[in-house]
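To keep things clear, I will list the structure first and then write my remarks on it.
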Amino acid sequence: MFSRDSWKEIFETIQKNKLRTFLSGFTVALGILIFVSLVGLTNGLQNTFDEFFNDDSTNTFFIFPGRTSMPYKGYKSNRQIEFDNSDLADIGKNFSMFVQYVSPRIDRSGLVKYNNESNNYTTRAVSESYQFAEKTIIMKGRYLNFEDVKKKAKYAVIGRLVEKDLFGNEDAIAKYIDISGSVFKVIGVFQDDGGDDEERRIYIPYTTRQLIEKNTDKVNQIVVGFKPEIGYAGAMAFDKSLDNFLREKKYISPKDQNGIYIRNVMDQYEQNQQFAGVLAIIGGAIAFGTILAGIIGISNIMVFVVKERTKELGIRKALGATPRAVVGSILLESTFITTVSGVFGMILGMAILSFMGDKLKDYFITNPYINLGLAIFATILLIVCGAIAGYIPARRASRIKPIVALRDD
Amino acid sequence: MGSNSLHVLKGINFTAEAGELVAIMGSSGSGKSTLLNILGMLDEADSGDYTLDGVPIKNLNETKAAKYRNKFLGFIFQSFNLINYKSALENVALPLYYQKIPRKERQVRAMKYLEQVGLKEWAHHLPSELSGGQKQRVAIARAMAAEPKVLLADEPTGALDSTTSYEVMDLIQKINDQGNTILVVTHEDDIAHMCKRIIHLKDGVIEKDEKVTQVRASQYV
């Protein structure tokens, strides 16, 4: 049944029945191609979702002050809430079992100069622990440390692109730059996966910023890093009690939507993951449907092929073909075509996915890929189902009396 | 060769000797095609015995029938029944394929029979490129390729004009001259008289079984 001779016979049949070969091959190749692409794109989408967060820590709250929208405890409405250094200390003190670090964040935009080069950058005044929140990666030199903050040092850590813009090929370390009229020594250069904007930033100690601004103790925003081991539920509880604490301290009505806002990165991450999960389920369902449609398609074609060949099979039977030989030749032919085209569709799909890479990043698809095992499984499934679908009509055809088949025109 | 009792054939009993050229005649509905199909194991008889070359042909399953057909019988059909996507040579070689004869030898043997029917030059043409007479000659070559005990021809000239019919009959006569046993179903009197024996069927029974003086087809060609 699998002799070299029967293969030759099958190749001849395939060669001389191009339409039929094309139809069944195309169905299978297309089915697999779409399946692989869909699964790959869904995975690419998931990658993008993951990437939204992987340049920042997820165990973080960003606390933004706002303007109250309702009167509370004798205070008027429309009051600007401000945080100061005592709030940083209070959070650390009251929530010590949750808190890993607390950092203020004061953003100022201004002209930065080095020799003849100058440009506008955002200078972000933070404490040394802010590095964890942004997952800042130090390329050379070092990040701010506790001593810098304590001594209100005029040190700056600049982004990779700031160095490139201002220094060209020169090494920025230990050079002095002018930030809005104050001179800072560059102690480090960083990179960040968050993109170009984040690499055009300058970090300085918040205490230094406060000193420059008439020795104020105000801070813009507060970043709280909590211990990762408290988990999602712990984070949600901490979020709630931190909100209550701050509202009480700052006299903001519990019902006021505008007085204060806590951005819970972990909560956002969870929701994001859920969204990505739902997308994955939808994508998976469509991909499964495609395989199903492919199976139905190949089954249809097999029925058609056998029907079309009824007379030929009758002739072959009259010439001495056994039922086994008839079934064997139909199955071998169809399995050969579906295997070749299935593998072709699979490889083409995977090639397309790997070719895409980052090219579709604007459409939220990053590095689409498919698990090789899944791709092979789908291909084999389609081939096996095609063979089963071919077997049923082939068996019927092999049992048909030659004389009936011969009359079939 | 057998006896039958059914709706179409109602008791038929005859024996054909090796080397005979028998015509089975009858108007349409006389049961001649049914008889031939039973003899060819293409169709099954409800009852009766059929012995071919000393082998009782009964209780056949599909596989066994296929092997017997391949070994004992060669078919020549009115509508040629060539496989349209295979060349003349490949068509002739097909019964040998089912005998599991190696490809090289198949080609050689098939070519020999094609030469015998005078179509060596047409070996690599598709059936669609051949005339009706040529197609039937390819079919005859194919029927002979497996070297069967009996050739069964069902209205072999039915689709051909008279000149071509005589050419085909001439070929059949020559094959018979070599000692092959041939049964020809026909409703044409002149074709029947080119055989050596005529069995007349009517309403499913043998009306007349006569030996005749063979008219050589070559004189018309």
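Residue numbering restarts at 1 for every chain, and letters A, B, ... go by the order of the sequence lines.
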Contacting region of B/Leu126 [heavy-atom separation from chain A under 4.5 Å]: neither

For B/Asn81, is it the side chain, the backbone, both, or neither that has a heavy atom closer than 4.5 Å to a heavy atom of chain A? both

Tell me, out of B/Leu73, B/Leu94, B/Asn61, who's got the most heavy-atom pairs with chain A below 4.5 Å. B/Leu94

Ionic contact status for A/Glu12 with B/Arg103, cut-off 4.0 Å: yes

Quick one: of A/Ala318, A/Ser398, A/Pro402, who has the most non-hydrogen atom pairs under 4.5 Å with chain B? A/Ala318

Looking only at B/Ala66, B/Ala65, B/Pro95, most heavy-atom pairs under 4.5 Å shared with chain A are made by B/Ala66

Closest non-hydrogen contact found for A/Ile315 with B/Leu82 is CD1-O, 4.0 Å

Smallest heavy-atom separation, A/Lys311 atom then B/Ser79 atom, equals NZ-OG, 4.5 Å

Region of A/Ala321 in contact with chain B, defined by heavy-atom distances below 4.5 Å: both

Is it the case that over 12 heavy atoms from other parts of the model lie below 6.0 angstrom from the OH atom of B/Tyr85? yes

Which atoms of B/Gln99 approach chain A - backbone, side chain, both or neither, heavy atom under 4.5 Å: neither

A/Arg324 side-chain N/O to B/Thr63 backbone N/O, donor-acceptor pair under 3.5 Å: no

Identify whether the distance between the nearest side-chain nitrogen and carboxylate oxygen of B/Lys86 and A/Glu312 falls below 4.0 Å. no

Side chain from CB out, backbone as N, CA, C, O: work out which of these in B/Tyr97 comes under 4.5 Å of a heavy atom of chain A, or both, or neither. side chain

Please state whether the side chain, the backbone, both or neither of A/Leu313 comes within less than 4.5 Å of a heavy atom of chain B. neither

In terms of heavy-atom contacts, A/Arg316 and B/Tyr98 come closest through NH1-OH, 2.9 Å

Just wondering, are more than 12 heavy atoms of other shown residues or ligands nearer than 6.0 Å to NZ in B/Lys202? no

Between CZ of B/Arg69 and NZ of A/Lys317, what distance do you get to the nearest 0.5 Å? 6.0 Å

Between B/Phe75 and A/Leu319, does a side chain to side chain contact (heavy atoms under 4.5 Å, CB included) hold up when you go through it step by step? CA-CA 8 Å; B/Phe75 292 94; A/Leu319 297 180; 5.5 Å; no

